[in-house]
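Chain letters run A, B, ... following the sequence lines, proteins first and then strands; every chain starts at 1. Side chains are part of it too, since the values below use all heavy atoms of this structure and drop only hydrogens, waters and symmetry mates.
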Amino acid sequence: MSVQSEELGNTGTLIYPSRIKLPYTWHVGKVGSRFYQEIKDNGKIWGIKCSKCEWVFVPPRETCPRCYCDMSEWVELSDTGTLLTYTVTRYAVPGIQPLEPPFALGIIKLDGASTGLVHLLGEIDLNDISVGLRVKAVFREVREGNYLDIKYFKPVRA
Amino acid sequence: MEKVGIIGVAQTKYQRYNPASHAESAYEVTSKSLEDAGLTIDDIDNTITVCNDFWDGRTISSMTITEATGSHKSPTTNVEGDGTYGALMGLMRLLSGLHEITLVVAQSKISEGIPSVITNAIFDPIYERMLGLDAINSAALQMRSYMSKYGVTEEQCAKVSVKNHKNAKANPYAHLAMDITVEDVLKSRVLADPIKLLDTSPISDGACAIIMARERTAKRKHGKPIWIKGVGHCADAYHLGDRDLAEVDALASAAKRAYKMAGIRSPLKQVHVAEVYDAFSYMELMWMEGLGLCGRGKAGAMVDSGLTEMGGALPINPSGGVLSAHAVQVAGLARIAETVLQLRGEAGDRQVDGASTALAHGIEGACGQGHCVFILGK
Amino acid sequence: MKRRVGIVGVGQTHHRSKNTDCNGQELISIAVKMALENAELTMADIDAIVIGNMDHFESINYVDMWSVDGSGGYMKPIMKVTTGGTTGSAIGHAGFYHAASGLFDTVLVIGWEQNSESDTTAAISTCFDPITEREYSAGAIGPLAAHYIAYMSKYAATEEDAALVSVRDHNNAALYNPYAHLRQTIAVEDVMRSAYISYPIKLLDMCPRTDGACAVIFASEKKARKITERPAWILGVGDCHILVHLADGIGLANLPSLEIAAREAYEMAGITDPFNQIDVAELYIPASTAGVSWMEALGLCEEGGGPRLIRSGVTNMGGKLPINPSGGVLATNPIGATGLLRIGEAALQVMGKAEKKQVEGAKVAVATGFGGCFWSDVTVLSSLPGLD
Amino acid sequence: MEQGKEAIKPLSVKYIADMPYKYHAGYYYSRFLRELRDNKRIVGVKCPKCGKVYVPPRIVCRDCFVKMEDFVPVSDKGTLLAFTVTNFSYVDTTIGEPKKIPFTAAFIKLDGADSNIVHRLEETDEKKIKAGMRLQAVFSDNRTGDYFHDIDHFRIIKDM
């Protein structure tokens, strides 16, 4: 198989189209695996609490990034939270986007957590999203143990 | 800190699709910076290259420019990050007393790859990466967060874009120099609201080099060394959700360190010109706050006042900034090169009169997670 | 006035072929926590961080930023340095310069790699020029093999000489280093019987690929003296990145970059008679064949003297100049960490903290890094603040 | 969830990273690729100072650090310096699929060149290959501006 070099405009130079395409298998780690397993098996979102600064982190991790001490206190979080910020992506990038644009992303502070969780927003009018909106996690029917086991967060109707 | 002077600078013209290869543009700025400093490659006793394996599409990407920068001829470090970090590494080599003259070269050809694919790889592969995050929509989350917390408006952000693209008209190296209006920005295509096309920086190829020397050598080799007065760098938390995206703690910390070293207590008064990493229009406002040029949330009003325009009390990005030329990795080093030209009084039509202290700033990662601040002076 | 810099703490993970139970940040934190413990410091004592790895091995862009959950870089100065195989030694040198600059007192340096997360050969192939090399370049083994073929014919070296190096390093790892990846004792016959990868290099002559991390803490003289009674002082550093086209590495006599880097480091350290002045060496040898020939470039023997030195056993534990008491790269190769492990192991030796792998009375150590396109880094460390 | 519950099975996330790049050949490689494609000619560039000829051509002489502009043709014949027969498959990152094996990577010094190139040698039986052998480039009929294709491979010159 050959690569067809292309002219770069009228510069007299060539472009050589190629790619770096490689499969990866990232290890999630013990803490992350438990986080995903709970979502997968029980549809529950857990955070982890630092005994020193008392922040509850989600996604959970082994070491508190702020205090650099180990964390072991798991905290079950609500599946509902408040939208801190959002955007609607209106351009297409082949290969990396989970949905056809336009699609909405937000950072959600789940009740009980100190940090925000970045995720998709669904069942929502893309022209009527606002900071402070209450949203709730919608889980996928078939879950694989990854970030998209949460399908998206949808607005909670008062 | 022992005195280290910048005695040579060079940039390519920034443009989409520079026909020169990585090595060819690296050689262009290497030889021009040597010329500017009145040196030959044999005078250089160590070299810092700035490369990134993702943007360059190559593992050990520094190999691409090793020979073109002459870095095979002297001790070398390859920094992967913004060019300001490369300059910092070079500064440290000189301050160690083990080297006399450092060449720092950054180059990039952003038009080779797909920026959103490359910036998607910034995000944690086991978590947020699957959401399709990239530099643009993550910045949109930050811009919204900033606007919503402090009441800064899209118009105020747009004014930055108008100012910088206009400034770029006086910069022969700039990629996108143009007269636009606030309305043009507001009406430009929405990419990821609230970010619109004219809030973003272009995809630019380009290179920049600077040459630094220890005090005695700098004075001997060059009539007008520009001295490095202070430097600081700092990183914020990684996960976007761990940060209050409207805040600028890491920048404030980096700036504090740099100011302390440079003896700057009131940056707004003591700094005469600043080149900051405005990858998006709103960033210039946030970085003004992080740099302590105004209170939190007050940058919008400061831009309204015209203070940061050419002729204002503290012109920001007379070069047109990153909004007018965004060669990633290079852009921070270009900020340093531009401030050197300002302090030498060689900035041509973009010269800020009487500038004797300047600030150059680079960022690293998503939404300005990392910052590096340089203070330079005559 | 040059500032002295000392190493005050070293940490590393238990290196394995596949670390499935921790992610990259957690892997890093294991090494960091151990280094802090080793130096009796906490993260609050760290003024700056340097980190390095190979981007496409884990496909993470801006690793300095990504790492902060594991590296402790939250609200700290952190930067990334990467130079291929020499990454580990380059970040060690960058850490040295951080402290030697006077800008930072206590500097944490981290090298890491989770090689099992990708296809290592494929990832390495991306280091070759996409237009004129990548298609048919799978690594440096061809040039390494060619070099040893030439060396054998010129100096009557043999494949068995290389096997002796392999046996030395594998057995050191097995007997003395609980953190090593490959920990099985082997004999010369095992090496000789293993399959050729590229004549004359056989499977047991080659380094493995490993998941692992290493963290080393550098400190300014004042801080170092406060932290420990016996820091490992950095007496000399040298680096040389000489080529960029793999094919041009072929005709090389020995390894010129190592000669140049060693000359720089020795000159700075005041080493004039390396064989007699150096007590222990941790060498980055990607294949056992290099363990025979590269000793010359380091000035440990005369031209062509590699086989004599190896056969004499002086580089074995208990010999006059033990090389790779840790087992070296042939036993453990988490690429971004590999060069830093050499510096860390050499530091432990002169600090007297190398435990079972301790070379009695070691005062001066040399560590090397190899990678990129036949590039080398050299570090000289000592329990003494100076050799004169 | 119970605290301190037995360690659960560690999970992994799998993903194919696919990053397209339009590598710019620049002025020097473009000349090289064009000569191969259009004229079946291999060109190098000559240092005005030391006279070394570099193939593939590049902007600066490694030793003299001067700009080189004198493009010179070199022979399509050369000498084999070293080779590796790759027998294990790995992912060919340019397509994301397993590399076709075996293949022989040959390091070659072309007549008239002072630097070396890497290309594929047709022969994959190690016993039949020796450093020092004379080789010749075999060009493709349908050339596209791809060094790895326009020179399809190198063949061993049987009768010298």
**Student:** Once rounded to the nearest 0.5 Å, what's the spacing between atom CD of A:Glu144 and atom CG of D:Leu11?
**Tutor:**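 Result: 11.5 Å between the selected atoms.
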
**Student:** Just to verify, what does D:Lys14 make a side chain to side chain contact (heavy atoms under 4.5 Å, CB included) with, not counting sequence neighbours?
**Tutor:** A:Thr25, D:Ser12

**Student:** Just so I understand: if I count every heavy-atom pair under 4.5 Å between each of A:Asn146, A:Val28, A:Val3 and chain D, which residue has the most?
**Tutor:**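 Highest number of heavy-atom pairs under 4.5 Å: A:Val3.
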
**Student:** Considering only heavy atoms and a distance below 4.5 Å, find which of D:Thr94, D:Asn142, D:Asp18, D:Ile16 pairs most often with chain A.
**Tutor:** D:Asp18

**Student:** Does any backbone or side-chain atom of D:Tyr27 lie under 4.5 Å from a heavy atom of chain A? Answer side chain, backbone, both or neither.
**Tutor:** both

**Student:** I'd like to check the side chain to side chain donor-acceptor pair (under 3.5 Å) partners of A:Ser33; sequence neighbours left out, ordered by chain and number.
**Tutor:**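 Applying side chain to side chain donor-acceptor pair (under 3.5 Å) to A:Ser33 gives none.
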
**Student:** Below 4.5 Å, heavy atoms only, C-beta onward: do A:Pro23 and D:Val91 meet side chain to side chain?
**Tutor:** yes

**Student:** Given that the side chain runs from C-beta out, which part of D:Arg143 has a heavy atom under 4.5 Å from chain A: side chain, backbone, both or neither?
**Tutor:** neither

**Student:** Hey, which residues of residues 92-131 of chain A are touching chain D, say heavy atoms under 4.5 Å apart?
**Tutor:** A:Gly95, A:Ile96

**Student:** Name, in order of residue number, those residues of residues 6-22 of chain A that have a heavy atom at a distance of less than 4.5 Å from a heavy atom in chain D; otherwise write 'none'.
**Tutor:**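 When heavy atoms of chain D are the reference, residues 6-22 of chain A contributes A:Glu6, A:Glu7, A:Leu8, A:Thr11, A:Gly12, A:Thr13, A:Leu14, A:Ile15, A:Tyr16, A:Pro17, A:Ser18, A:Arg19, A:Ile20, A:Lys21, A:Leu22 within the under-4.5 Å range.
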
**Student:** Take a 6.0 Å sphere around NZ of D:Lys46 and say whether it holds more than 12 heavy atoms from other residues, nucleotides or ligands.
**Tutor:** no

